[in-house]
Number of protein chains: 2
Amino acid sequence: MSSYQPVKQWGRFELEFEGTPTDNPFIDSWIKCEFRLGNRKVEVDGFYDGGNTYKVRFMPDKVGEWAFFTISNDPNLDKIDGVFSCIKTTESKQGPVQVSETYHFEYADGTPFYPFGTTAYVWNHQGEELENKTIEALRNSPFNKIRMCVFPKHYDYNLLEPVRYPFEGSLKGGFDFTKFNVEFFERLEQQVQALESIGIEVDLILFHPYDRWGFSDMGKEVDFRYLKYIVARLSAYRNIWWSFANEYDLMKNKDMKDWDAFFKFVQEHDPSQHLRSIHNWHSLDLHYRSNAHWYDHRKPWVTHLSVQYHDMFFIEEWRNEYGKPVINDECRYEGDLNHGWGNITGEKMVEQFWEAFCRGGYATHGEAYLNESGIIWWSHGGELRGESPKRIQFLKEIIEEGPTKRLTPVYYQWDVAAASVGDEYILVYLGSSQPSFKTFPLPEGNQYQIELIDTWEMTIIKLEGLYTNESKIDLPSKPYLALRLIKK
Amino acid sequence: MSSYQPVKQWGRFELEFEGTPTDNPFIDSWIKCEFRLGNRKVEVDGFYDGGNTYKVRFMPDKVGEWAFFTISNDPNLDKIDGVFSCIKTTESKQGPVQVSETYHFEYADGTPFYPFGTTAYVWNHQGEELENKTIEALRNSPFNKIRMCVFPKHYDYNLLEPVRYPFEGSLKGGFDFTKFNVEFFERLEQQVQALESIGIEVDLILFHPYDRWGFSDMGKEVDFRYLKYIVARLSAYRNIWWSFANEYDLMKNKDMKDWDAFFKFVQEHDPSQHLRSIHNWHSLDLHYRSNAHWYDHRKPWVTHLSVQYHDMFFIEEWRNEYGKPVINDECRYEGDLNHGWGNITGEKMVEQFWEAFCRGGYATHGEAYLNESGIIWWSHGGELRGESPKRIQFLKEIIEEGPTKRLTPVYYQWDVAAASVGDEYILVYLGSSQPSFKTFPLPEGNQYQIELIDTWEMTIIKLEGLYTNESKIDLPSKPYLALRLIKK
């Protein structure tokens with residue numbers, strides 16, 4: 001039995017073996033590996049990685065001495081065993097992000113994670129130069145999560161061919177869905193790794209409808225082989241989230257049972273149990289007329305909501321209805337596109353973030369300004385041009401310096417979004433209203449210090465004195481104000 | 001049989017008689033009058049007007065020789081007859097406003113009426129000086145309809161006693177609901193008349209919940225006596241609209257059957273068939289969960305919708321659902337109040353109007369800026385301080401110079417509000433989006449001249465050349481733009 005190098009908790013343990021050559025190792029050979037720590041057993045799928053190489057990747061979540069052995073239909077890969085130590089890490093923000101306190105998130109090590117996401121659907125298909133630029137832009141941005149697709153995208157402003165394809169073949173000659181393009185997945189892993197190194201979670205979109213290559217309609221057998229392969233390759237990466245689709249309800253060749261089956265399959269095969277969600281196209285209004293349109297987020301394999309809706313008003317309702325964290329992952333993007341989803345002002349984009357947080361949920365940024373380069377952040381990445389990111393950074397600092405216990409919505413008035421941590425800390429957002437004063441039903445007997453926050457000008461002014469229940473709070477009659485109340 | 005002075009078509013014919021004194025003529029005596037023109041018979045209730053005086057008012061809607069006779073339980077008022085001529089008028093905007101082309105309005109003479117309403121709930125309870133100021137402000141405003149209450153209002157910023165009460169008595173001593181205050185109703189008539197003289201329709205709110213005097217809960221017998229009395233006094237005024245309630249669903253002592261009965265009673269007793277509506281408090285969201293919350297506007301006695309909702313998006317749906325004109329009579333007011341219904345920006349108020357018109361409906365203005373005088377337009381009248389009225393005037397001019405055939409919504413894109421008159425004239429509103437260009441599915445084969453309208457700056461710029469289906473229309477990437485397309 002071989003002994004391997006120690007791995008940090010939530011680090012990546014990787015095994016590499018030489019297998020017996022076959023006609024198509026993606027189909028002909030399989031390998032899995034059982035990892036054990038004490039009484040615990042975890043089964044992990046390995047994958048073929050080109051040449052005669054097979055790999056198994058595993059992210060140990062507990063400190064201790066792990067033992068493993070392989071099982072394979074190839075005698076060269078079968079019954080290989082070994083041990084390795086998983087050692088404690090002293091860094092924070094370790095391990096996959098998971099659900100915390102029902103409606104929120106944290107890293108596996110318990111550090112709170114507040115999603116400040118952005119969207120660049122196919123930044124990873126643009127070639128090294130632009131991809132490096134995107135990484136740099138992200139490094140200097142407030143964002144800590146990105147929505148991005150495995151497959152290339154065919155849509156307005158997205159008509160060029162990607163640098164690589166996930167399968168062997170070409171648009172013209174067709175694709176061999178029995179053969180993954182190893183180089184494509186290696187590059188994807190580098191991108192995931194690069195994002196991890198700058199603290200960004202990868203909300204990885206596994207299927208989407210914007211397709212001219214056939215990847216949206218490969219048939220069930222290929223779909224599941226693809227899921228097994230990508231889970232085997234990527235589940236040991238700390239920062240992966242599985243998003244089963246962007247706008248699943250535009251994919252006419254997949255029905256609700258298919259989506260259920262995909263969720264269950266990944267739930268069974270992902271040893272690290274990364275977050276799982278699915279993203280809708282149809283709007284809430286249709287949803288409320290007929291429940292058929294939204295995926296039922298109560299299903300046990302869904303970890304959180306990844307909603308598309310233009311209005312944050314319903315976050316509390318969704319929390320109550322589904323009992324899970326709510327991320328409004330597509331609430332229109334800052335920009336000047338012809339399309340309605342990509343032409344809101346910076347003011348509105350910032351408003352979406354503040355309102356989401358002050359209703360107990362989360363929002364995701366996107367940017368779609370037309371420009372001569374033809375490179376638009378929402379899809380290609382590149383550079384951020386908008387007015388919202390620095391204000392989102394301002395909000396992020398406010399959230400991060402708040403209590404580590406999480407925000408729960410409180411109802412004051414219908415035009416106000418407010419959330420609190422017990423009665424200690426209250427964050428109130430007044431949106432596009434311009435009141436000259438407000439009063440709030442604050443907890444009886446408490447006294448609060450209040451700071452007036454101009455969310456657009458990014459100023460914080462401490463108000464004189466202390467405030468109690470129904471105190472008159474004078475305000476400057478302008479939009480985009482917030483208040484931070486701290487119990488004294 | 002006496003012969004009376006001629007009356008213009010839709011003018012007011014008034015009869016005055018001396019009755020026999022009784023203990024309480026409001027209860028003891030009644031008079032009605034049958035008017036005839038050829039085969040047509042119209043029965044009209046008269047009313048007691050103080051002293052020994054009884055009156056009958058009638059608005060003849062047809063030119064010709066009208067005959068009448070009275071019926072009464074008082075021999076002095078019974079079997080009085082006479083004739084008068086109703087003569088043609090050459091002025092326009094005559095007669096009561098009625099529904100036209102299913103979703104719109106016109107005066108009885110066929111002149112289109114486009115509602116540009118405002119709100120000053122109890123301007124009529126403020127005393128002559130302020131009331132005169134209000135009339136002056138209205139005269140210089142774009143508004144041609146006002147929402148106002150018969151009864152005084154008890155609410156924030158409305159804690160003073162009104163100048164007069166509709167019944168004899170006082171707040172302290174209580175009111176005698178068997179005795180109307182004739183002076184109160186005479187003053188109300190003067191106010192209605194003053195509004196008529198400056199071209200303003202009176203959307204007269206008959207009941208409302210904001211009450212400290214008992215007028216919201218007088219019992220059924222008094223409610224119907226009040227309705228009979230006010231209809232007898234006011235139905236011969238051209239510019240009356242009956243609004244059964246402001247926020248009917250906050251009046252806990254009246255149920256759906258009561259509202260039905262009120263509607264039916266006025267429908268039966270109003271010889272001029274003025275417009276009839278009822279105004280909700282509960283929001284659409286509740287409405288769509290449970291239909292119990294909105295009054296069912298399909299009921300035949302409802303002439304149009306008088307909605308409270310903060311979003312214009314659903315106008316087309318309401319048109320389809322109810323098959324009647326839609327006025328969003330309370331879509332939040334420009335101002336800086338602590339209350340959400342009264343603190344939107346001028347920009348948002350103007351946006352509500354444009355969006356309403358470009359979705360085939362109508363909006364109503366209100367203004368609620370706090371100021372040292374304590375006089376707030378929304379309730380007391382006085383002076384207009386906001387930024388929206390002059391932009392509403394700008395829209396009004398655009399609407400009035402458009403075709404007299406009415407706007408019907410057309411669907412282009414979900415973030416666009418558009419309405420057309422056939423394929424000749426199209427008005428498009430882009431709202432708070434900031435697209436740098438748009439394309440629209442214009443009718444095949446047509447060519448359009450396009451004007452770019454900045455609804456906030458109030459500028460109209462003719463774009464070069466002609467545009468066809470899916471032509472690219474370059475835009476200046478800013479919010480609050482509209483387009484006027486005219487077929488060439």
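Here is the naming used below: chain letters follow the sequence lines, and residue numbers restart at 1 for every chain.
- The minimum heavy-atom distance linking B:Gly360 with B:Ile315 is given by the pair C-CG2, 4.1 Å.
- For the options A:Pro479, A:Ala368, A:Gly335, heavy-atom pairs under 4.5 Å to chain B are most numerous at A:Gly335.
- Heavy-atom neighbours of chain A within the stretch residues 428-437 of chain B, taken at a separation under 4.5 angstrom, comprise B:Ser432, B:Ser433, B:Gln434, B:Pro435, B:Ser436, B:Phe437.
- Only the backbone of A:Leu337 comes within contact range of chain B, judged by heavy atoms closer than 4.5 Å.
- Relative orientation of the A:His297 and A:Tyr322 rings is perpendicular, given thresholds of 30° and 60° on the angle between their planes.
- For the pair B:Arg319 and B:Glu316, the salt-bridge criterion is not met [side-chain N within less than 4.0 Å of a carboxylate O].
- Of the atoms belonging to B:Ile344, it is backbone heavy atoms, and not side-chain ones, that fall under 4.5 Å from chain A.
- Aromatic ring pairs are classed by plane angle as parallel below 30°, tilted from 30° to 60° and perpendicular above 60°; the pair A:Trp378 and A:His380 is perpendicular.
- For the side chain to side chain contact (heavy atoms under 4.5 Å, CB included) test with B:Gln447, the passing option among B:Leu485, B:Leu466, B:Asn469 is B:Leu466; the others fail.
- The residues A:Lys438 and A:Asp415 are annotated as salt-bridged, a charged nitrogen and a carboxylate oxygen being separated by less than 4.0 angstrom.
- In summary, the aromatic rings of B:Tyr155 and B:His208 are positioned with their centroids too far apart to meet the 6.0 Å limit.
- Highest contact tally toward chain A, considering only B:Val416, B:Leu370, B:Asp311, B:Thr345, is held by B:Thr345 [criterion: heavy-atom pairs under 4.5 Å].
- The aromatic rings of A:Tyr309 and A:Trp318 sit perpendicular, their planes meeting at an angle over 60°, well past the 30° parallel limit.
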